[in-house]
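Let me begin by presenting the structure, written as structure tokens, before commenting on it.
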Amino acid sequence: MAASPASVESVIRPLGSCLTKLGFEVYPLKVGWYNSVLPPSLHLPYPDDTLAVVVLSTPAMFEQAFLPFLEQRGIQKPCDPVDQCVRDCVSTAVSQSFSELKVDVRYDYELLPSRKPKFLAQTAAHVSGAAFYYQQSDVTDQPWAGKKMFGVCIHPSFGGWFAIRALLVFEDVTVGSELVQPAPPDCVPSREDRIKLLEAFNFRWQDWSYRDIVPPAQTYSERQKEYFSTAPALRLALLRTWG
Ligand code: B12
């Protein structure tokens, strides 16, 4: 595809129309927005104006994509079934919509030979405007006395009830000033709530409470919660009990 002002729309529209109905969301970004906040060892090896798209799963993905996927395909060991489903949905959308484009698809669970993640999902979500990434450094006068606290993204509609699944880099699509970087909505603006959020994410993520730091439009269903709170090694057995 030739670089043109229509490039962003002509990528986002077909991708969105395949993936939205399966419970995903897609957000465009420029590689330069991502690389500018990271050290060179974590850069994506593409020019700054290259178009990329970050893919999130919303609570609906479980019922709209995952359960039908299991029904049709069954369980293919040894891969994680949700990862398999996401891979299937994303690669089908990419090959149906962009058979002529070179697309570098990176999943959240993939590692480089250096053992670093293939992309930093939270940084990508933040710079695309999809979900604010609350990091330790976003809290003034920190109460944690030098302890490392992992950061967490919060989505304006789904709070913490979502996941960041993939980054697609459209290697030959260059975008110019028509793609303006949106600021992610700062839905946890106060210091007290940011402390509450980071403590819930780091110390008790299993109780789901960090996900409700803003009132969510939709949360995971009971069945989805049961699935994700089961240890990965026991999930296949759980799926079998669902028939
Ligand atoms: Co985890 N995990 N994880 N995880 N994990 C991910 C972070 C992710 C994104 C996976 C996903 O959605 N598919 C989610 C978080 C979703 C969200 O943010 N809303 C996730 C989750 C949900 C969890 C768990 C709740 C378990 C679960 O349900 N899956 C727990 C909770 C944490 C806990 O233990 N209490 C969990 C646990 C873990 C462990 C196993 C502990 C490790 C280590 C955690 C960590 O390092 N953050 C873990 C990993 C490794 C990951 C993974 C695969 C990579 C994260 C990583 O290594 N980052 C990601 C998926 C992915 O990204 N591919 C999921 C590298 C570090 C160095 O990055 O701290 O962000 P960083 O630092 C960079 C930024 O600060 C950036 O530069 C730094 C690098 O130099 N930067 C930026 C600098 N300045 C600026 C400025 C701005 C503005 C920005 C945007 C960035």
Side-chain angles (χ1 to χ4, degrees), residues 23-25 27 29-44 52 54-59 61-62 66 80-87 89-90 104-112 114-139 144 147-169 181-188 194 196-214 216 219-220 224-232 235:
F24 296 94
E25 288 185 341
Y27 294 85
L29 65 141
K30 286 188 193 178
V31 164
W33 303 347
Y34 176 91
N35 284 350
S36 70
V37 295
L38 293 175
S41 62
L42 291 166
H43 282 187
L44 294 166
V54 62
V55 180
L56 312 184
S57 59
T58 74
M61 186 276 290
F62 196 79
F66 182 58
D80 177 86
V82 169
D83 291 347
Q84 254 176 57
C85 166
V86 170
R87 185 183 281 271
C89 295
V90 171
D104 173 0
V105 184
R106 297 171 177 233
Y107 295 98
D108 61 313
Y109 53 86
E110 290 181 325
L111 298 177
L112 295 166
S114 62
R115 309 296 299 160
K116 291 185 196 312
K118 269 202 169 178
F119 80 103
L120 297 193
Q122 296 160 306
T123 293
H126 183 101
V127 300
S128 71
F132 200 109
Y133 182 27
Y134 294 97
Q135 305 191 64
Q136 188 164 10
S137 54
D138 294 316
V139 174
W144 302 298
K147 185 180 161 26
K148 164 79 186 157
M149 298 289 278
F150 296 131
V152 56
C153 285
I154 294 297
H155 186 288
S157 310
F158 301 117
W161 298 94
F162 75 104
I164 308 153
R165 299 293 182 178
L167 184 76
L168 281 48
V169 184
Q181 184 167 11
D186 180 2
C187 34
V188 189
R194 289 179 180 185
K196 199 170 128 191
L197 172 65
L198 290 183
E199 292 189 347
F201 184 70
N202 281 265
F203 304 146
R204 35 180 190 280
W205 58 271
Q206 295 91 336
D207 74 6
W208 310 101
S209 61
Y210 81 85
R211 300 182 190 252
D212 290 322
I213 192 78
V214 296
T219 64
Y220 292 177
Q224 180 165 192
K225 284 195 227 167
E226 186 186 4
Y227 180 82
F228 284 116
S229 40
T230 300
R235 287 178 186 169

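Just follow the structure's listing: the first ligand is 1, and inside any ligand the first atom is 1. Note that the structure is predicted; figures quoted are calculated from it, not measured. Counting begins at 1 with the first residue of the sequence.
What sits closest to atom 74 (C) of ligand 1 on the protein, heavy atoms only, is Gln135 OE1, 3.5 Å. Counting only heavy atoms of the protein, atom 73 (C) of ligand 1 lies nearest to Leu120 CD1, 4.0 Å. Closest to atom 81 (N) of ligand 1 among all protein heavy atoms lies Val37 O, 3.5 Å. Nearest non-hydrogen protein atom to atom 34 (O) of ligand 1 is Trp205 NE1, 3.7 Å. The protein non-hydrogen atom at the shortest distance from atom 12 (O) of ligand 1 is Ile164 N, 3.0 Å. Closest to atom 70 (O) of ligand 1 among all protein heavy atoms lies Tyr133 OH, 2.6 Å. Taking atom 77 (O) of ligand 1 as the reference point, the nearest protein heavy-atom neighbour is Leu38 CD2, 3.3 Å. Shortest contact from atom 39 (C) of ligand 1 to any protein heavy atom: Phe150 CE1, 4.9 Å.
Against a heavy-atom cut-off of under 4.0 Å, His126 is close to the following atoms of ligand 1: 88 (C), 90 (C). Which parts of ligand 1 touch Leu42 is read off a 4.0 Å heavy-atom cut-off, strictly below it: atoms 79 (C), 80 (O). Using a 4.0 Å cut-off to heavy atoms of Phe119, the atoms of ligand 1 that qualify are 61 (C), 62 (O), 63 (N). Which parts of ligand 1 touch Val152 is read off a 4.0 Å heavy-atom cut-off, strictly below it: atoms 17 (C), 18 (O), 19 (N). Listed by number with element, the atoms of ligand 1 under 4.0 angstrom from any heavy atom of Asn202 are 35 (N). Taking a cut-off of under 4.0 Å to the non-hydrogen atoms of Asp108, the atoms of ligand 1 that pass are 11 (C), 13 (N), 53 (C), 60 (C), 61 (C), 63 (N).
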Let's go through Asp104 and Leu168 carefully: what are the C-alpha distance in whole Å and the side-chain angles of both, what is the deciding distance for side chain to side chain contact (heavy atoms under 4.5 Å, CB included) to 0.1 Å, and is it a yes or a no?
CA-CA 6 Å; Asp104 173 0; Leu168 281 48; over 6 Å; no
Verify side chain to side chain contact (heavy atoms under 4.5 Å, CB included) between Glu25 and Val55, making sure each step is shown before the conclusion.
CA-CA 6 Å; Glu25 288 185 341; Val55 180; over 6 Å; no
Would Val86 and Phe24 count as a side chain to side chain contact (heavy atoms under 4.5 Å, CB included) here? Give the steps.
CA-CA 9 Å; Val86 170; Phe24 296 94; 4.2 Å; yes
Check the pair Val188 / Ile154 against side chain to side chain contact (heavy atoms under 4.5 Å, CB included), numbers first and verdict last.
CA-CA 8 Å; Val188 189; Ile154 294 297; 4.3 Å; yes
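Note that atom 2 (N) of ligand 1 has no protein non-hydrogen atoms nearby, at separations under 4.0 angstrom. Counting only heavy atoms, the protein never gets under 4.0 Å from atom 50 (C) of ligand 1. Using a 4.0 Å threshold on non-hydrogen atoms, atom 29 (N) of ligand 1 does not count as touching the protein. For atom 83 (C) of ligand 1, the nearest protein heavy atom is under 4.0 Å away. Protein non-hydrogen atoms do not reach within 4.0 Å of atom 59 (C) of ligand 1. By the definition of a contact as any protein heavy atom under 4.0 Å away, atom 17 (C) of ligand 1 is in contact. Atom 26 (C) of ligand 1 is approached by the protein to below 4.0 angstrom, counting heavy atoms only. Less than 4.0 angstrom separates atom 89 (C) of ligand 1 from at least one non-hydrogen atom of the protein.
Between Phe132 and His126, the two ring planes are perpendicular [angle over 60°; tilted spans 30° to 60°].
Contact annotation: for Tyr210 versus ligand 1, heavy atoms closer than 4.0 Å belong to the side chain alone. Neither the backbone nor the side chain of Arg165 comes within 4.0 Å of ligand 1, counting heavy atoms alone. Using a 4.0 Å cut-off between heavy atoms, Phe162 contacts ligand 1 through its side chain alone, with no backbone atom that close. Neither the backbone nor the side chain of Ala125 comes within contact range of ligand 1; no heavy atom lies under 4.0 Å. In Pro117, the part holding a heavy atom less than 4.0 Å from any atom of ligand 1 is the side chain. Looking at Ile154 against ligand 1, nothing comes within 4.0 Å, counting heavy atoms.
Note that OH of Tyr133 is 9.5 Å distant from CG of Asp138, once rounded to the nearest 0.5 Å. The distance from atom NZ of Lys225 to atom OG1 of Thr230, rounded to the nearest 0.5 Å, is 13.0 Å. Leu42 contributes atom CG, which lies 5.0 Å from atom CG of Leu120 (distance to the nearest 0.5 angstrom). Atom CD of residue Gln206 and atom CH2 of residue Trp208 lie 9.5 Å apart, to the nearest 0.5 angstrom. A distance of 7.0 Å separates OG1 of Thr219 from CG of Asp212, quoted to the nearest 0.5 Å. Taking CZ from Phe228 and OH from Tyr220, the interatomic distance works out to 6.0 Å, rounded to the nearest 0.5 Å.
Salt bridge annotation for Glu110-Arg87: present, with a cationic side-chain nitrogen under 4.0 angstrom from a carboxylate oxygen.
The shortest N or O to N or O distance between Cys153 and ligand 1 is below 3.5 Å. For ligand 1, one of its N or O atoms has an N or O atom of Phe201 under 3.5 Å away. For a threshold of 3.5 Å applied to N or O pairs, the pair formed by Ala121 and ligand 1 contains at least one separation below that value.
Not a single heavy atom of Tyr109 sits closer than 4.0 Å to an atom of ligand 1. Between Pro39 and ligand 1 there is a heavy-atom distance shorter than 4.0 Å.
Checked against the 6.0 Å centroid threshold, Phe158 and Phe162 do not count as a close aromatic pair.
Proximity of a side-chain donor or acceptor of Gln224 to a complementary backbone N or O of Pro59 within less than 3.5 Å is detected. Asn202 contributes a side-chain N or O that, together with a main-chain N or O of Phe150, makes up a donor-acceptor pair within less than 3.5 Å. Judged purely by atom type and a 3.5 angstrom limit, His155 has no side-chain atom pairing as donor or acceptor with the backbone of Trp161.
Cation-pi geometry between Arg235 and Tyr227 is met: under 6.0 angstrom from the ring centre, within 45 degrees of the axis.
Every residue meeting the salt bridge (charged side-chain N to carboxylate O under 4.0 Å, His left out) condition with Asp186, not counting sequence neighbours, appears here in chain and number order: Arg194.
Looking at Ile164 and Cys153, their side chains come closer than 4.5 Å, going by heavy atoms from C-beta outward.
Around atom 7 (C) of ligand 1, the closest heavy atom drawn from Gln122, Arg211, His155 belongs to Gln122.
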